[in-house]
Structure formats: C-alpha cells, structure tokens
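Only one structure is covered here, and it is reproduced in the block below.
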Amino acid sequence: MPGPGWYLIGEDEIASVTEALSSGEISRYRFDGSLEDPSKVYLFEREFADTLGAAHCIGMNSATSALLSALVATGIGPGDEVIVPGYTFIASIAAVVHAGATPVLAEIDDSLTLDPQDVAAKCTPRTRAVLPVHMLGRPADMVSLTTVAEEHGLLVIEDVAQACGGSFRGRRLGTWGTAGAFSLNGAKVITGSDGGVLVTGERTVYERAFAFHDHGSAPLRLGVTDHGPLLGLNLRMSELVGAMALAQLRKLDHILDTLRARHDALASLLTDLPGVHLARSNDPAGHCATTLALTCDTAARARQITEVLGTAVLDASPRHTYWRMSQLRPGAQRRIAGKQPFRVLADTVRGTLPRTDGLLERTFALSVGVVDPYLGTGFGIDITTDDERLHEVAQAVREAAESAGPSPSQSVERASRGSGADEGDP
C-alpha cells in the first residue's frame, strides 16, 4: 500500500540514513548540548516548519501520537467533546478517546470532508474542539470551519495525515488550526518508513506537546518544562526515521507538482461520463492530488463501475467508514487497553450520518499517488505511471461507466427525442 514518496525512495534517502548511522549518533539529541552537528530529526523539524510556514514543529513516532499530544497540550480532556467526521481513520477518534474526551461524529459534505453546517449543529456547551480530517489529500473548508469554531469558542486541531503539503487558499494545511498532525508512514505523501509530525503556531502548545511526547522535558531536553504536563510519554521520532524523512521532505514540491499534473491529465480524460462527475474540491489548486474522486448519480451505478474495475466504493472501507470500523461497532467491547470503557457521542450504525452514507456509497476514488485498497484506491495510476498507462486507465473507467448504462437525465432526453419533441414543441 505505497504512497508517492515510497516510489521515489533512492540514493538521497540511502545517503541520509547512512550518514546518520556513520556518525555514531542515533538519537535525536546531542547530549553534549552542541548544535554544531545537529541531529537529522532536528534538521527535519526545522525544514518541515519552514516548508509549512509554521512556528514550531515536533517529530514524533506517528500521526496518532501527534494528534494525542495536540489534544493534551491544548487542555482537552474528560468532560469535553470533540467533533470529528464520520469519514476518517480510527486514529482521529482514538486520539480523542485517549485524551479522555468524547468524540462526536459529524457529517461530511460533497467535498468528502467535514461539513461546517453539521459541525455548527453538533455544538453543545461541552464542545471544546473541531477536528477536520483532510481525507484523500483533499482540503477541508478551513475558512468555514474556523469561522464556526470562532463563533462557538472552539479549538481547531487538524488531521493532515493524508495531505502533507496540501493547502487551502494558499495557506498550508496544518497551520489553520491551533495544531496540525501529519503522518510519515509508507502510504502517505512522503515517508520516513513511519513517524508523525506536530506543528503549531503557539509556543505554549509547543512546549506542552513536547513535554507530553518526551517524559515532561522542555524542548530539546533543556530542563523540565514549566508548562506541563510534567508526566509525559515516550513518543519521540527516531534518528533513522528523521534521516529518511528529511530526504523525502526535500522532494515534497516535486511530488506534489507531479501528482497534480497527473491528476489533471487523468481528470481531463474522464469528462462527460454518463452519470458520473468529479467530486467537488474545496480548493483544486491546494489538494495533494494523491487520489481522483468520482461521484455517481446512484449507488447502483457506483457499484457497477467499481465491480468492473475490481475496486470498491468509499463506503466499503472497513478502516475509514464510521459504521464499518470494528472498534466502534455496537455491542463491541469498547475499552481502552481492555479495561477502561469509552463511548462515542453518536450511534455507529449505518444511517446515523445519512448524508455521509449517501456520498460514500456513490463515490469511488482512483489512485493517482496513493495505491491503497483499504482506502478504496486499489485501481488507477501511481507517480511513476507513463502516459500510455494513464490513457489505458482512463479508457477502462470510461468503458466501465458506459457499461453501467445512461444516466436518468440522458434517458429522459432520449425518450423526449424518440417522441418527436423538440424545442419548438409546447
């Protein structure tokens, strides 16, 4: 299940990791206190922050750890509610639960990201934060979501696991909210083989998150933080992950430029499909273009097309559709580490989020850079695909769509023509 960065692993990554190994320093820290020979993790954090235009950055062992650290660092805990979309990955929900708060499931809109109107409707006196997820590399509507958050006095924590480098209205994803969390596993835009990243523009949040991710330490382990939490965990990024991620980060612009060009080329070949249209994007110029999402007029049409292609509609994902997540199924033993029970503030049965259900059962996604059957992108192209294969994929999609029959509007139009009606008839 590789992402675009995985396809481009080569001499740069090998050299960076080898350099880290050869130095004899395999910790992110230099315990002599010198930064004359900084660690790869230190360099990665600075370059990542500069790339996004963020004030602070912390390399971590996963995006889940970054989300949890952000929630803890902003003071979210027991008694609080955090609104998350019903189309996400379980980590978005699990991080809220492990922070002691209650996840509240909300609808997505036709951009396949969190619906600002439903967020406003789901707010209660206990709501403390909104957690938009930039699914499939597609930016959520951060202007509308931050406006809702400001009106209700809420924090915004962004889950950018699938959208590293993406932007909304020219501003990088992850920098709209109080904090943003990114993933570096093998199925993401860039990879460190694993790992995650937290960014924030607030110094106090940075210090608290750093403390939580490293046993209460102040940034760079220069003492113990004065801003708590003092009793942290070990969620640090390893030096070898940092070395690989640093080399990948320097390819990010190339990856995004390539994916966007391939996405647009593929999309241009899929216009005028019967009963199928490109899913709306909140910012076509800012999406990562790792996938190309297509929404059908009916669920039956979507199923027919995906069966021909050997893939599946988004609704079929056991890891990303709320009611299919085994961890949340009614009757399941919803417990943390097998002991402490938790709850989700919404039913997790199909029909709880009808708009989300309807969109996901009518939408399928082609791979452009992330080839992941669990995500529903097992068919398509990758970052290395040539023009000949791109045209073959487009033709296969067109034939599958045409085999599903005309859309209802086309049927009506044909019936009208068959009756002899024309524009001059009453």
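The analysis underlying the following values was restricted to heavy atoms, covering all of them including side chains, and did not include hydrogens, waters or symmetry mates. All of these numbers come straight from a predicted model, not from anything done at the bench.
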Q | Exercise: do Thr113 and Asp141 side chains pair donor with acceptor under 3.5 Å | A | no
Q.
Quick check: do Lys122 and Gln117 have side-chain heavy atoms less than 4.5 Å from each other?
A. no
Q.
Under a 3.5 Å cutoff, is there a donor and acceptor pairing between the side chains of Tyr87 and Asp315?
A. no
Q: Just jot down the salt bridge (charged side-chain N to carboxylate O under 4.0 Å, His left out) partners of Asp80, sequence neighbours excluded, or say none.
A: Arg128
Q. Hey, does His213 have a side-chain heavy atom less than 4.5 Å from the side chain of Ile58?
A. yes
Q. Are Asp109 and Arg355 within salt-bridge range, i.e. N to O under 4.0 Å?
A. no
Q.
With ring-ring contact (aromatic ring centres under 6.0 Å, His included) as the rule and sequence neighbours excluded, what pairs involving residues 243-297 come up?
A. His263-His287
Q | Arg362 side chain vs Thr295 backbone, donor-acceptor pair below 3.5 Å | A | no
Q.
For a side-chain hydrogen bond (donor to acceptor under 3.5 Å, both in side chains) check, start with the C-alpha distance between Thr356 and Glu107, then their side-chain angles and the critical distance, and finish with the verdict.
A. CA-CA 5 Å; Thr356 297; Glu107 299 270 23; 2.7 Å; yes
(Q) I need the single residue from Lys251, Lys40, Arg250 that forms a salt bridge (charged side-chain N to carboxylate O under 4.0 Å, His left out) with Glu13. Which is it? (A) Lys251
Q: Would you please test Thr363 and Cys296 for side chain to side chain contact (heavy atoms under 4.5 Å, CB included) and show each step?
A: CA-CA 6 Å; Thr363 303; Cys296 300; over 6 Å; no
Q. Using 4.0 Å as the upper bound for N to carboxylate O, is an ion pair formed by Arg301 and Asp297?
A. yes
(Q) Quick test of your reading: applying salt bridge (Lys or Arg N to Asp or Glu O under 4.0 Å), list the pairs with at least one residue in residues 166-187, sequence neighbours left out, ordered by first then second residue. (A) Arg172-Asp253
**Q.** Check: Met60 main-chain N/O paired with Ser65 side-chain donor or acceptor under 3.5 Å
**A.** no
Q: Check step by step if side-chain hydrogen bond (donor to acceptor under 3.5 Å, both in side chains) holds for Thr306 and Thr311.
A: CA-CA 5 Å; Thr306 53; Thr311 183; over 6 Å; no
Q. Does some side-chain heavy atom of Arg236 sit less than 4.5 Å from a side-chain heavy atom of Ser217?
A. no
Q. Can you find a side-chain donor-acceptor pair between Ser144 and Thr147 that sits under 3.5 Å?
A. no
Q) Under the 3.5 angstrom rule, does the side chain of Glu361 hit a backbone N or O of Ala299 as a donor-acceptor pair? A) no
Q.
Would you say that Thr200 contacts Thr175 through its side chain, given a criterion of any heavy-atom pair below 4.5 Å between the two side chains?
A. no
Q.
Check this for me: Arg46, atom CZ, are more than 12 non-hydrogen atoms of other residues, nucleotides or ligands nearer than 6.0 Å?
A. yes
Q | Arg398 (side chain) donor-acceptor with Ala394 (main chain) under 3.5 angstrom | A | no
Q) Between Arg303 and Glu307, does at least one N-O distance fall below 4.0 Å, as a salt bridge requires? A) no
Q.
Less than 3.5 Å apart, any donor N or O on the side chain of Glu239 or Ser27 sitting next to an acceptor on the other?
A. no
Q | Over 12 non-hydrogen atoms of neighbours within 6.0 angstrom of CD1 in Ile26 | A | no
Q.
Within the 3.5 Å criterion, strictly below it, is a donor on Asp372 or Thr377 matched to an acceptor on the partner's side chain?
A. no
Q) Between Ile93 and Leu328, is a side chain to side chain contact (heavy atoms under 4.5 Å, CB included) present by the stated rule, with each step listed? A) CA-CA 10 Å; Ile93 297 168; Leu328 303 180; 3.6 Å; yes
(Q) Using 30° and 60° as the class boundaries, would you call the ring planes of Tyr206 and Phe210 parallel, tilted or perpendicular? (A) perpendicular
Q) Do the non-hydrogen side-chain atoms of Leu266 and Leu366 ever get within less than 4.5 Å of each other? A) yes
Q) Is a side-chain N or O of Glu207 found less than 3.5 angstrom from the main chain of Pro219, in a donor-acceptor match? A) no
Q) Going by an N to O cut-off under 4.0 Å, is there a salt bridge joining Asp264 and Arg260? A) no
Q.
With heavy-atom distances below 4.5 Å as the criterion, would you say the side chains of Thr74 and Val205 are in contact?
A. yes
(Q) Closer than 3.5 angstrom, by distance alone: can the side chain of Glu158 be matched with the main-chain N or O of Gly180 as a donor-acceptor pair? (A) no
Q) Hey, does Val368 have a side-chain heavy atom less than 4.5 Å from the side chain of Thr290? A) no
(Q) Looking at Arg262 and Asp382, is any side-chain nitrogen of the basic one under 4.0 Å from a carboxylate oxygen of the acidic one? (A) no
Q. Are Arg28 and Glu45 close enough for a salt bridge, meaning some N to O gap below 4.0 Å?
A. yes
Q) What about the rings of Phe48 and Phe182, do their centers lie closer together than 6.0 Å? A) yes
Q) Do the side-chain N and O atoms of Gln162 and His134 include a donor-acceptor pair separated by under 3.5 angstrom? A) no
Q: For Val82 and Ala101, work out which heavy atoms get closest and say how close.
A: CG2-CB, 4.3 Å
Q.
Tell me if a side-chain donor or acceptor on Ser39 pairs with a main-chain N or O of Tyr42 at a distance below 3.5 Å.
A. yes
Q) Does Arg208 reach the main-chain N or O of Val72 with its side chain, forming a donor-acceptor pair under 3.5 Å? A) no
Q) Are Val156 and Thr178 close enough that some pair of their side-chain heavy atoms sits under 4.5 Å apart? A) no
